[in-house]
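The structure appears below as structure tokens.
Letters go in sequence order (proteins before strands), and every chain restarts at 1.
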Protein chains: 2
Amino acid sequence: MEGKTIEKSFDTQYLKDYLIDHGVKPSTIRIKVLEYLLKNRIHPTAEDIYNAVYEDIPTLSKTSVYNTIDLFLEKNIIQIINTGNKESRYDIDTSIHGHFSCNICNRVFDFDIDSIEYDKSILDGFIINEQKVLFKGICNSCK
Amino acid sequence: MEGKTIEKSFDTQYLKDYLIDHGVKPSTIRIKVLEYLLKNRIHPTAEDIYNAVYEDIPTLSKTSVYNTIDLFLEKNIIQIINTGNKESRYDIDTSIHGHFSCNICNRVFDFDIDSIEYDKSILDGFIINEQKVLFKGICNSCK
DNA sequence: ATATCATTTTGTACTGAGTACAATTTTATT
DNA sequence: AATAAAATTGTACTCAGTACAAAATGATAT
């Protein structure tokens, strides 16, 4: 059994409630996109999402994927990751954590952040909505 | 005198040496771009750089600006800032520090970082070349 | 049910930052 | 001055993401 990926399962009701809890009215596309994001923790691109969901919904358009992404971002269901490559990536985990982007394989790894110690005086009075930490380099399996 | 911006001056020899010290052969464009970056600590876009240097060099092409930026990035003269907006920005300060990007005025502010406490176990064996910290929100004068 | 309205989804055309690349110009070397 | 090397330019192109109107779907009222 070791090394075997256990695919999590999420039933439709769970997915619907997840959306409703985040202020999003469920629809087939939204449920499928959410399901894909929950099952595939690979920080996918819009293209990745499109290709995967297209399997289930052959009438799917790219615009719908972007619409869904925009809605999910707005409702804080996902966060965007800009690694510097042109394609944005998306993360179903909206908590503050770090991302390591490998310059070779292009994969993005999560890592936990305990704290960021910074000089708060410069940002005095600023409203901070997002805190993003991005490391870049070469991952263990590529070096 | 208060509130008056004192523009720093950099003579040509200083700029040439700055480039040479970073492994870049000086040219008119490179000197002008470097001078602009040193004098205007506003994290400019490629467009900003183009517009400014175009004043002095009317034959300047966008491609040359991108060529210069790529060279400066490679030689670690500048670092790139991806705020999530489509245009990249560039910073002559290549040290590790934070950037705050205002969602209203689009300005980018620097702030000092003392340390990032993170779980190093996940990145064990990884080669970390860049560490970027980006905060987003609303700056003091926009809120 | 069925008509009406609102929302979601689709298709097409478009945008614009950045790139590819060959031609030209400038700089360095013999 | 002739030649070679490097820098710069101009043009055309790419392609992730957007704008927007038409079509389809879903919700509500009669």
For this session: Report the residue from B:Leu71, B:Asn67, B:Leu73 that forms a side-chain contact (heavy atoms from CB on, under 4.5 Å) with B:Ile69.
Result: B:Leu73
For this session: Could you tell me whether the phosphate oxygens of C:dT9, OP1 or OP2, come under 4.0 Å of any side-chain nitrogen or oxygen in A:Thr63?
Result: no
For this session: Could you check B:His43 against B:Asp48 for side chain to side chain donor-acceptor pair (under 3.5 Å), going step by step and ending with a plain yes or no?
Result: CA-CA 9 Å; B:His43 315 92; B:Asp48 291 333; over 6 Å; no
Exercise. A:Ile78 and A:Ile42: same hydrophobic cluster, using ILVMFWY side-chain contacts below 4.5 Å?
Worked result: yes
For this session: Grab the CG-P distance between B:Asp48 and C:dG18 for me, whole Å please.
Result: 11 Å
Problem set entry | Whole-Å gap separating C1' (C:dT8) and CD1 (A:Ile69) | 16 Å
Problem set entry | Distance, rounded to the nearest Å, where A:Tyr66 contributes OH and C:dT10 contributes C1' | 15 Å
For this session: Taking the six-membered ring for Trp and the full ring for Phe, Tyr or His, determine whether the centres of B:Phe109 and A:Phe126 are under 6.0 Å apart.
Result: yes
For this session: Give, for atom CG of A:Asp91 and atom NZ of A:Lys132, the distance between the pair rounded to the nearest 0.5 Å.
Result: 8.5 Å
Exercise. Rounded to the nearest Å, what distance is computed from the CD atom of residue A:Glu87 to the P atom of nucleotide C:dA17?
Worked result: 19 Å
Seminar exercise, completed: Residue pair B:Ser61/B:Lys86 against DNA chain D: nearer the 5' end by closest nucleotide is B:Ser61
Exercise. If you pin B:Glu47 and A:Asn67 to their nearest nucleotides in DNA chain C, which one's is more 5'?
Worked result: A:Asn67
Seminar exercise, completed: Here the distance between atom P of C:dT7 and atom NZ of A:Lys25, to the nearest Å, is 7 Å
Problem set entry | Leading and trailing nucleotides of DNA chain D with any atom under 4.0 Å from heavy atoms of chain B | D:dA6 to D:dT11
Exercise. Touch check for A:Ser88, heavy atoms < 4.0 angstrom, all strands: base, sugar-phosphate only, or nothing?
Worked result: sugar-phosphate
Problem set entry | Whole-Å distance separating the OH atom of B:Tyr50 from the C1' atom of C:dT19 | 17 Å
Problem set entry | Integer-rounded Å distance: C:dG18 C1' and B:Asn85 CG | 16 Å
For this session: Remember a base hit wins even if backbone is also touched, and classify B:Thr59 as base, sugar-phosphate or nothing at under 4.0 Å, heavy atoms.
Result: sugar-phosphate
Exercise. Linking I/L/V/M/F/W/Y whenever their side-chain heavy atoms sit closer than 4.5 Å, directly or via other members, would B:Ile113 and A:Ile96 fall into one cluster?
Worked result: no
For this session: Give one of base, sugar-phosphate or nothing for B:Lys62, where a contact means two heavy atoms less than 4.0 Å apart.
Result: nothing
Exercise. What are the two closest heavy atoms between B:Ile122 and A:Phe111, and how far apart are they?
Worked result: CD1-CA, 4.1 Å
Problem set entry | Side-chain N,O (A:Ser64) to OP1/OP2 (C:dT9) below 4.0 Å | no
Problem set entry | Nearest-angstrom distance from the residue atom CG of A:Asn82 to P of C:dG18 | 12 Å
